[in-house]
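Please read the structure below before turning to the comments.
In this text the structure is predicted, and so the values were computed from the model without any measurement.
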Amino acid sequence: MRRLLQTALLLAGKDFRVFFRDRTGMLLGLALPIGLVTVFGFITQFAFRGGDMPRAELWVVDEDRSEASRLLVAELERSATLRLRPEGDEEAHDAYELMDDGEAHHVLVIAAGFGDRIGHGDVPELTLLRDPGRTMEDRLVRIGLSQAVTTVTRGRLIPVLLGQRLRDVGLPEDVVAEVVQAQEAGRAALENYLAQAAGEGGSGGDTAALDVQSVFSNLVPMTVVDRQPPERPRMLTYTLAQSVSGITVMMLMFGLVACGGTLILEREQGTLPRLLSAAMPRDAILVGKFLFAAAVGLFQLALLFCWGELLFDVGMFQRPATLLVVSVSVTAAVTGFGVLIAAWAKTTKQAEGVSTLLILVMSALGGAWFPVQLFDLPVYAEIITRSTLTWWAMSAYQQMLWDQASWTAPSVLQALAVLWAFALATSFLAWHLFRRRYTGG
Amino acid sequence: MMRTNELLAQDEPLLEVRDLSYSYDTVEAVRGVTFAVERGELLGFLGPNGAGKTTTLGCIAGLLSDWKGSLHFDGRDFDPGSRTADRATLGLAPQELALYDDLTGLENLCFFGRLSGLAGSELDTAVEAALELSGLAARAGDRVGTYSGGMKRRLNLAIGDLHQPQLLLLDEPTAGVDPQSRSHIFECLRALRRSGRTLIYTTHYMEEAERLCDRVAIINEGAIVALGSCRELARSIGQVEADLEQVFLQLTGRRLRD
């Protein structure tokens, strides 16, 4: 037993010595969990703001421009569940155009006459254009809208709207009057109780979490218009589109980094000197690795998409030209990234450490794991997420899958341009490192 | 009838190395090495571990850059690190086996042959000759990973000569092989010499150098300390009957180097 323990300690000691020998590899191994914890903490902090709900983006087109409509917009801006657009110098274009371009998923149109109707105690006209597939955002938008409208109308509309709803479903007038009266009495009782509970230090349940307005949510007078691309498959949900894009991009990155790693393998197995001494342009070695990784990437994508289509019917091949252009662009960018890591790393351990760290961090930041576009990120965080190639790869696939956008759509073209910029920049850096490290160029 | 300049070129050494120096960061691995290799000659590089043999070959093969000095091949300035055409005149059998274990012997030969610009019947002939040279025709279809150390060494050498380079650089081609494979490699080298190939050969083994080389350069701590035939080297230490090992120890000392 003692001998076994001694030997085990000896072996463990040796492994520690080897582990600490490659300092860069070791540091990367240690940095991986720290990096992930940081990114997760960062995302959680901004996504849920210490326990609150995430925010949904709501575009507002104010056609009324009255004091009441401005008051409503100001109230919506204060909402904890909404991120209002347009912001700053932005301008809200035509609401339907915003939806059809895939720029907006919820647009509130405050029709002309909104202020007058509120003034007269009438039901005002609000129209919500929404993408019905974005169910999570839809709930957040409804909550924010209910709260804002109730505040603006000081609750005066609630009995009116309740009465109208009950009449719409065919209840007799006397029953409607009775229910409305009971609702008003109930509301008053609830408000009294909450005020009393607040004064006594909040005994009798978690009254702080109870908001009277939220009790009467979904009573907003709103015409809901569903807008979605007609080509979008019925089976496809936003979560599924998100998962397909996210898993595709992340697995592609892992696969192609491994392919780029064959450059390190050439060195470790001793074949690189022979390749370098061969009568051929030396840059061909790097180009060859790029082509190999890109071909494997495209094959992997094709396989993944076929399987996804077979299993989930997500409409992957509805726009074959767009699928091809997007996939080639994403593959080029990811391949450039893989080859850059291979040219930079001195050992397999270093390559594995840095690639795992970068891939997981970029996947989290770029939206491959969570829909970061739903989160209310500060400007610097927006810049960070948009600096990752995963964000643009996700964006291109999401627009193709969800918004059914063609590769010629301006937003897709923008994503493609950024992806090719990534591909060129990483390839150039890889080429530069390769020449410096292996050919003395 | 040969022209005058062609005759002059024939008289010139195939490779001329002048004042070659190379440093790894602060360690000077090669210091002012100067030598010439005649056409059809087998020049041996003999030296203790870390003497600078592999580094010298690395500079000549263009694997290392930023060396100082000059290289001339066939009377011309020679820079295989930058010029593809210069690399075409060289063959290399590196010390570390440069083979793909997952490919068969034949696939390795075809791949490296194509890389050297061979194709079609020219490639077929070269591959056939390489299999004969290495004695691996019967195992050509097997994965290299299943080969013995000796078989891999033979294949490593055969690949270096696949495109029939004017100068073949061999870095310890018999390291770690059994007597049978070593004997086969000797035969290969003799055959290559007979075909007019010029060879530079590094080794630790004195008897190999004695048996095979026309001349031997003894390199120690990055510099050539003696160069000549075995007989000339023995004379240079004043012991005409001395063998190469005695000459070597006399010139390089008995101190351990690594």
Side-chain angles (χ1 to χ4, degrees), chain A residues 21-24 255-293 295-296 299 339 342-351 429-441, chain B residues 22 54-55 57-67 79-103 108-109 111-118 144-145 152-153 155-169 171 175:
Chain A
R21 199 69 80 207
D22 181 0
R23 297 234 169 107
T24 313
L256 298 200
V257 165
C259 290
T262 55
L263 180 64
I264 304 168
L265 199 65
E266 297 276 8
R267 194 172 58 178
E268 289 180 345
Q269 70 189 4
T271 42
L272 193 62
R274 177 158 271 153
L275 296 180
L276 290 171
S277 67
M280 58 162 196
R282 287 175 163 179
D283 291 338
I285 299 172
L286 196 70
V287 176
K289 297 295 168 197
F290 189 96
L291 290 177
F292 164 65
V296 170
F299 179 71
V339 174
W344 167 82
K346 288 180 180 162
T347 61
T348 305
K349 192 175 163 188
Q350 285 182 9
L429 274 175
W431 173 74
H432 178 72
L433 280 174
F434 174 78
R435 287 183 75 102
R436 208 177 64 173
R437 179 157 292 168
Y438 297 112
T439 71
Chain B
Y22 185 83
T54 301
T55 303
L57 286 197
C59 294
I60 296 169
L63 298 177
L64 299 170
S65 55
D66 298 333
W67 43 264
D79 185 5
S82 317
R83 290 198 287 258
T84 308
D86 286 355
R87 287 200 290 279
T89 61
L90 292 177
L92 174 69
Q95 187 178 339
E96 205 173 342
L97 292 165
L99 304 166
Y100 295 103
D101 277 0
D102 291 328
L103 301 185
N108 268 281
L109 285 164
F111 169 71
F112 285 112
R114 285 195 190 100
L115 216 58
S116 306
L118 300 174
V144 168
K152 286 181 181 176
R153 279 276 160 216
L155 184 62
N156 197 40
L157 189 150
I159 289 173
D161 188 59
L162 200 55
H163 61 295
Q164 302 198 328
Q166 285 177 270
L167 176 64
L168 183 56
L169 306 172
D171 197 0

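Under the rule for a side-chain hydrogen bond (donor to acceptor under 3.5 Å, both in side chains), the partners of B:T55 that lie at least two apart in sequence or sit in another chain are B:Y24.
The minimum heavy-atom distance linking B:A98 with A:G270 is given by the pair CB-O, 3.3 Å. Between B:R87 and A:M280 the shortest heavy-atom distance is NH2-O, 2.7 Å. Closest non-hydrogen pair, A:S277 versus B:L92, comes out as OG-CD2, 3.6 Å. Of all non-hydrogen atoms in A:L275 and B:L115, the two that sit nearest each other are CD2-CD2, 3.3 Å.
Both the backbone and the side chain of B:A93 come within contact range of chain A, each with at least one heavy atom under 4.5 Å from a heavy atom of that chain. Residue B:L64 does not touch chain A at all, counting heavy-atom pairs closer than 4.5 Å. Interface residue B:N156: backbone and side-chain heavy atoms are both found under 4.5 Å from chain A.
Residue A:R267 holds its CZ atom at 11.0 Å from CD of B:E96, rounded to the nearest 0.5 Å.
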Kindly list each side-chain donor-acceptor pair under 3.5 angstrom involving residues 162-169 of chain B, sequence neighbours excluded, with atom names and distances?
| residue | atom | partner | partner atom | Å |
| --- | --- | --- | --- | --- |
| B:H163 | NE2 | B:L90 | O | 2.7 |

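Contacts between residues 285-293 of chain A and chain B, counted as heavy-atom pairs separated by less than 4.5 Å, involve no residue at all.
Each salt bridge (charged side-chain N to carboxylate O under 4.0 Å, His left out) pair with one or both residues in residues 268-277 of chain A, not counting sequence neighbours, would appear here, but there are none.
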